[in-house]
Amino acid sequence: MANVDLSVPQTQKVAIFDKVGGPVIVKEAPVVQQKDLKPGQVLVKNIYSGVCHTDLHVMLGDWPLPSKIPCIGGHEGAGYVVAVGDNTPEGLVKIGDPVGIKWLADSCLSCEQCNKGYESTCLDAKCSGFTVDGTYQQYVVSYARHVTPLPPNLALDLAAPIMCAGVTVWKAIKSAELTAGEFILISGAGGGLGHLAIQYAKAIGLRVIALDTGAEKKALCLEVGAEAFVDFKESKDLNEDIRAVTGGLGPHAAIVAASSAESYEQALDYLRNGGALVAVGLPRDATIRANVFFTVLRSLRIIGSYVGNRADAIQAADFAARGLVKTTYTIKPLDQLPKVYEDLSKGAITGRIVLDMWA
Ligand code: 8ID
Ligand code: ZN
């Protein structure tokens, strides 16, 4: 943290949209000052933010739930605490701490869902870049009890994408309840979530099959640990090609982390009996069609997995700090965000884009 200026200026750069569909505009805006923070809130000087496809869905109004308007998107932040609200409980954070800001900005921590560890389904959950302003700004108001303490040896540009892509796929993989040596298929494997999912799965001894398209994504997937790559655009018979690379029976689980509705279409077909479909990708107007007879007779499991809790985030960051998981990313300045959205919508981004909030 050497030489980081922890003072709080009056104004900052933000990327904001004020109607569904955009445009996203980069402009100067006020910084919330310490005296205006509520108890429990912290101000984070944000250094990097990953760009998740979720932010694009939010801006386009792809989902049945609308975001706040106007909205500053972003939920993969990494930076330093620069102010803490008066009467915030002691011991959670202090000025200068490196912290991550995830999608789940806050939850009540006292309801049944929170007590069981399902913090993301708390009815009082606040979501960065959706129901509260997010990380496409230089100074973010977040919540002391939910920011992620970052390992001091994890560089902030590597930490940022872990705060959504990393924690989400780590939780999703755990939800499938597999054993080392079993096959897991990652759909959307060359994207931000997918290429990290390959690495978390490999790190716990799973055998990974990557599903995506194009030579660049294939190269990345194989480089980060997939045993085989199936190209969903080239394949004449997806079901057969996936079964073939898993010794005939299909994977024990499929994490669907693609942003298209089509990616859900055949997922139940290519699973092994007893297999788990873990739904992660959130395309517009998508449905999982499950034949009841075969779901029962093949004992298939269909699991929805939504980000992760505080412990999942700490675990996910720990894998990254130990070098077991490393995001492949390109750094861009904040004012490039509209172009990044354009590329994301075309499926033209391999790995992640990380925005340098100060470039
Ligand atoms: O908590 C959650 N469930 C959660 C958290 C974070 C993100 C869900 N998400 C959702 C996002 O909202 C988005 O819908 O996961 C999805 C993927 O996010 P991302 O990784 O940030 O998106 P990306 O980098 O654009 O990667 C998507 C990949 O999917 C591939 C694309 O080629 C791209 O590499 N893909 C597509 I589009 N269709 C495919 C298909 N039919 C496919 N891969 C395989 N089969
Ligand atoms: Zn995300």
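Both counts, for ligands and for their atoms, begin at 1 and track the order of listing.
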For [X], atoms of ligand 1 separated by under 4.0 Å from a heavy atom:
{"X": "Thr168", "answer": "1 (O), 2 (C), 4 (C), 5 (C)"}
{"X": "Lys217", "answer": "31 (C), 32 (O), 33 (C), 34 (O)"}
{"X": "Gly188", "answer": "28 (C), 29 (O), 30 (C), 43 (N), 44 (C)"}
{"X": "Gly192", "answer": "20 (O), 24 (O)"}
{"X": "Cys52", "answer": "6 (C), 7 (C), 21 (O)"}

In this structure, does ligand 1 have an atom that sits under 4.0 Å from one of the heavy atoms of Glu265?
no
So for Ile349, does at least one of its heavy atoms come nearer than 4.0 angstrom to any atom of ligand 1?
no
Tell me, which protein residue and heavy-atom name are nearest [atom], and how many Å apart are they?
{"atom": "atom 25 (O) of ligand 1", "result": "His53 ND1, 2.7 Å"}
{"atom": "atom 9 (N) of ligand 1", "result": "Thr54 OG1, 3.5 Å"}
{"atom": "atom 15 (O) of ligand 1", "result": "Gly281 CA, 3.4 Å"}
{"atom": "atom 26 (O) of ligand 1", "result": "Gly191 CA, 3.4 Å"}
{"atom": "atom 34 (O) of ligand 1", "result": "Asp212 OD2, 2.7 Å"}
{"atom": "atom 1 (O) of ligand 1", "result": "Val307 N, 2.6 Å"}
{"atom": "atom 27 (C) of ligand 1", "result": "Ser259 OG, 3.8 Å"}
{"atom": "atom 36 (C) of ligand 1", "result": "Ser260 OG, 3.6 Å"}

With distance as the sole test, does [X] use its side chain to make a donor-acceptor pair with the main-chain N or O of [Y] at under 3.5 Å?
{"X": "Lys102", "Y": "Gly308", "result": "no"}
{"X": "Arg243", "Y": "Leu249", "result": "yes"}
{"X": "Asp312", "Y": "Asn309", "result": "yes"}
{"X": "Lys68", "Y": "Pro70", "result": "yes"}
{"X": "Ser120", "Y": "Tyr306", "result": "yes"}
{"X": "Gln12", "Y": "Gln10", "result": "no"}
{"X": "Asp55", "Y": "Gly74", "result": "yes"}
{"X": "Gln33", "Y": "Pro9", "result": "yes"}

For atom CD of Glu216, is the number of surrounding heavy atoms from other residues, nucleotides or ligands below 6.0 Å larger than 12?
no
Within a reach of under 6.0 Å around OH of Tyr118, are more than 12 heavy atoms found that belong to other residues, nucleotides or ligands?
no
N or O pair under 3.5 Å between [X] and ligand 1:
{"X": "Glu262", "value": "no"}
{"X": "Leu193", "value": "yes"}
{"X": "Cys164", "value": "no"}
{"X": "Val280", "value": "yes"}
{"X": "Pro283", "value": "no"}
{"X": "Gly351", "value": "no"}
{"X": "Tyr306", "value": "no"}

Are any of the side-chain nitrogens in Asp231 or Lys217 under 4.0 Å away from the carboxylate oxygens of its partner?
no
In terms of side-chain geometry, is the basic nitrogen of Arg352 or Glu76 positioned less than 4.0 Å from the acidic oxygen of its partner?
yes
Proximal protein heteroatoms (N, O or S) of the Zn ion (ligand 2), under 2.8 Å
Cys52 SG, His75 NE2, Cys164 SG
Quick one: look at Ala257 and ligand 1, take heavy-atom pairs under 4.0 Å, and tell me if it's side chain, backbone, both or neither.
backbone
Residues that Lys38 engages under salt bridge (charged side-chain N to carboxylate O under 4.0 Å, His left out), provided they are two or more places apart:
none
Tell me whether the rings of His252 and Phe183 are parallel (<30°), tilted (30 to 60°) or perpendicular (>60°).
parallel
For the pair Phe130 and Trp63, name the ring-plane relationship: parallel under 30°, tilted 30 to 60°, perpendicular over 60°.
perpendicular
Begin with the C-alpha distance, continue with both residues' side-chain angles, and end with the deciding distance and a verdict on side chain to side chain contact (heavy atoms under 4.5 Å, CB included) for Lys174 and Gln315.
CA-CA 12 Å; Lys174 287 194 288 181; Gln315 290 166 1; 2.7 Å; yes
Are Leu104 and Val58 connected, step by step, through hydrophobic side chains (Ile, Leu, Val, Met, Phe, Trp, Tyr) whose heavy atoms are closer than 4.5 Å?
no
